[in-house]
Enquirer: 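Sharing a structure, written as structure tokens. Questions coming.
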Amino acid sequence: ETGVTQSPTHLIKTRGQQVTLRCSSQSGHNTVSWYQQALGQGPQFIFQYYREEENGRGNFPPRFSGLQFPNYSSELNVNALELDDSALYLCASSLGGSYGGSTDTQYFGPGTRLTVL
Amino acid sequence: DQQVKQNSPSLSVQEGRISILNCDYTNSMFDYFLWYKKYPAEGPTFLISISSIKDKNEDGRFTVFLNKSAKHLSLHIVPSQPGDSAVYFCAASAIEKLTFGTGTRLTIIP
């Protein structure tokens, strides 16, 4: 069974640029969630995708957008990068996705470290 | 508004003794609670979870206790081992969105 993978591992961008981060979910999982972890903080929920549809969003501006593909892999896109976007971006996959409460465990990938200069 | 709080940024425990990590939450809608362990340069690794309908869940050396009336949960690790040294995050789930605490760095002293 393949775990959650993310690419790239590290990325350096400049302010105003755009970035795309990628995630492959664990085998059999149809739900992908994205989190941003700033230094010294816990991960913050960005959004979740279930069967290619956005299934919940945290307190992030619209320049953070996502996509899920038919094979349940996912992308996180960030436009007009700002210095504060520098963080570890984590992807997690799970079995569930039904909106309305769930006890499905989310399994995390290793993350992509984004540095914005 | 910090809905999940881990008030101890760090904890040091002697090898072989019990480690107790604590977490408090404010949102009554949380129905599932998890503990994750994180090593540097890695993603969080799932450790153990508990549903809001239970008050205890045990898995090997790890036990999670939930006190709903106090909105408090704790993770007990016994006996503590050097490999347990890591940052531990408490997370709470409502509608599948996980809300994390800020983490507790656990150091096991040989």
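Note: hydrogens, waters and symmetry copies are ignored here, and every other heavy atom, side chains too, is used. In this text the structure is predicted, and so the values were computed from the model without any measurement. Below, chains carry the letters A, B, ... as their sequence lines are ordered, and counting in each starts from 1.
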Enquirer: Kindly compute the distance separating CD1 (B/I48) from OG1 (A/T105), expressed to the nearest 0.5 Å.
Expert: 10.5 Å
Enquirer: Should we count CG of A/L83 as having more than 12 external heavy atoms under 6.0 Å?
Expert: yes
Enquirer: Which atoms of A/Q37 come close to chain B, meaning under 4.5 Å heavy atom to heavy atom: side chain ones, backbone ones, both, or neither?
Expert: side chain
Enquirer: Using a 6.0 Å cut-off, check whether atom CZ of A/R15 has over 12 heavy atoms from anything other than its own residue.
Expert: no
Enquirer: Would you say A/E75 has more than 12 foreign heavy atoms packed within less than 6.0 Å of its CD?
Expert: yes
Enquirer: Please rank B/Q6, B/M29, B/K38, B/R105 by heavy-atom pairs under 4.5 Å with chain A and give me the top one.
Expert: B/K38
Enquirer: Examine whether an atom of B/Y36 lies under 4.5 Å from a heavy atom of chain A, and if so say whether it belongs to the side chain, the backbone or both; otherwise answer neither.
Expert: side chain
Enquirer: Can you see which heavy atom on A/F45 is nearest to which on B/L98, and at what distance?
Expert: CB-O, 4.0 Å
Enquirer: Measure the spacing between CD of A/Q44 and NZ of B/K97 and express it to the nearest 0.5 Å.
Expert: 8.5 Å
Enquirer: Taking the side chain as everything from C-beta on, heavy atoms only, tell me whether A/L90 gets closer than 4.5 Å to B/P44.
Expert: yes
Enquirer: Determine whether more than 12 heavy atoms belonging to other residues, nucleotides or ligands lie under 6.0 Å from atom CG of A/N59.
Expert: no
Enquirer: More than 12 non-hydrogen atoms from neighbouring residues, nucleotides or ligands closer than 6.0 Å to NZ on B/K5, yes or no?
Expert: no
Enquirer: When heavy-atom pairs shorter than 4.5 Å are enumerated against chain B, which of A/G40, A/G111, A/P43 gives the highest number?
Expert: A/P43
Enquirer: Do B/F30 and B/L21 land in one hydrophobic cluster if side-chain heavy atoms of ILVMFWY residues count as linked below 4.5 Å?
Expert: yes
